[in-house]
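Notes to accompany the following structure.
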Amino acid sequence: SFLVTGCGKSLTPEECLQLLDRYVVLLAVSDRPDATAEQRNHMRQRAKELSRRDPQFGKCGKQIPRRKFDCAMTAPNTDLFEQCLM
């Protein structure tokens, strides 16, 4: 019972994609503030394509605790996002 409560429900594949999407958006804002919406959308689509081929990304749901996911999804920038996942 403690383990279930302490760890929370595993992340779904959709939540892992949301996490990736959030990171790409934050990265685009910080590293390419002049990027157009179309360019940002292309970056997001490219990241999703690459994630499908990355075996580590497939483990996201089991490796990232829900509390870290929640923290990262509300982080205002890439530095804090990355700190959430440490």
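Quantities reported herein were computed from a predicted structural model and do not represent experimental measurements.
- A donor-acceptor distance shorter than 3.5 angstrom exists from the side chain of Glu15 to the backbone of Thr12, with no hydrogens or angles considered.
- Atom CD of Glu49 is surrounded by more than 12 heavy atoms from other residues, nucleotides or ligands within 6.0 Å.
- Using modelled atom types, one side-chain atom of Arg66 and one backbone atom of Lys9 make a donor-acceptor pair closer than 3.5 Å.
- The nearest pair of heavy atoms linking Met43 to Arg32 is SD-NH1, 3.6 Å.
- Put simply, the side chain of Arg52 never gets that close to the backbone of Gly58: no donor and acceptor are under 3.5 Å apart.
- To the nearest 0.5 angstrom, Cys16 atom SG is 9.5 Å from Gln63 atom CD.
- When hydrophobic clusters are built by joining Ile, Leu, Val, Met, Phe, Trp and Tyr residues whose side-chain heavy atoms come closer than 4.5 Å, directly or via intermediates, Leu20 is not grouped with Leu11.
- Within the 3.5 Å criterion, the main-chain N or O of Met86 finds a donor-acceptor partner in the side chain of Lys68.
- At least one side-chain heavy atom of Leu19 sits under 4.5 Å from a side-chain heavy atom of Phe81.
- A donor-acceptor contact shorter than 3.5 Å links the side chain of Gln39 to the backbone of Thr36.
- The closest side-chain heavy-atom distance from Phe57 to Leu17 is below 4.5 Å.
- Note that the CG atom of Leu80 and the CG atom of Leu85 stand 11.0 Å from one another [nearest 0.5 Å].
- Taking CZ from Arg44 and CG from Leu27, the interatomic distance works out to 13.0 Å, rounded to the nearest 0.5 Å.
- Atoms CD1 and SG, on Ile64 and Cys71 in that order, are 11.5 Å from each other to the nearest 0.5 Å.
- For the pair Arg46/Leu50, a side-chain contact is recorded, criterion being any heavy-atom separation below 4.5 Å from C-beta on.
- Considering only heavy atoms from C-beta on, Arg67 stays 4.5 Å or farther from Asp70 through its side chain.
- Using a 4.5 Å heavy-atom cutoff, the side chains of Ser30 and Asn77 are not in contact.
- Arg40 places no side-chain N or O within 3.5 Å of a backbone atom of Val25 that could act as its donor or acceptor partner.
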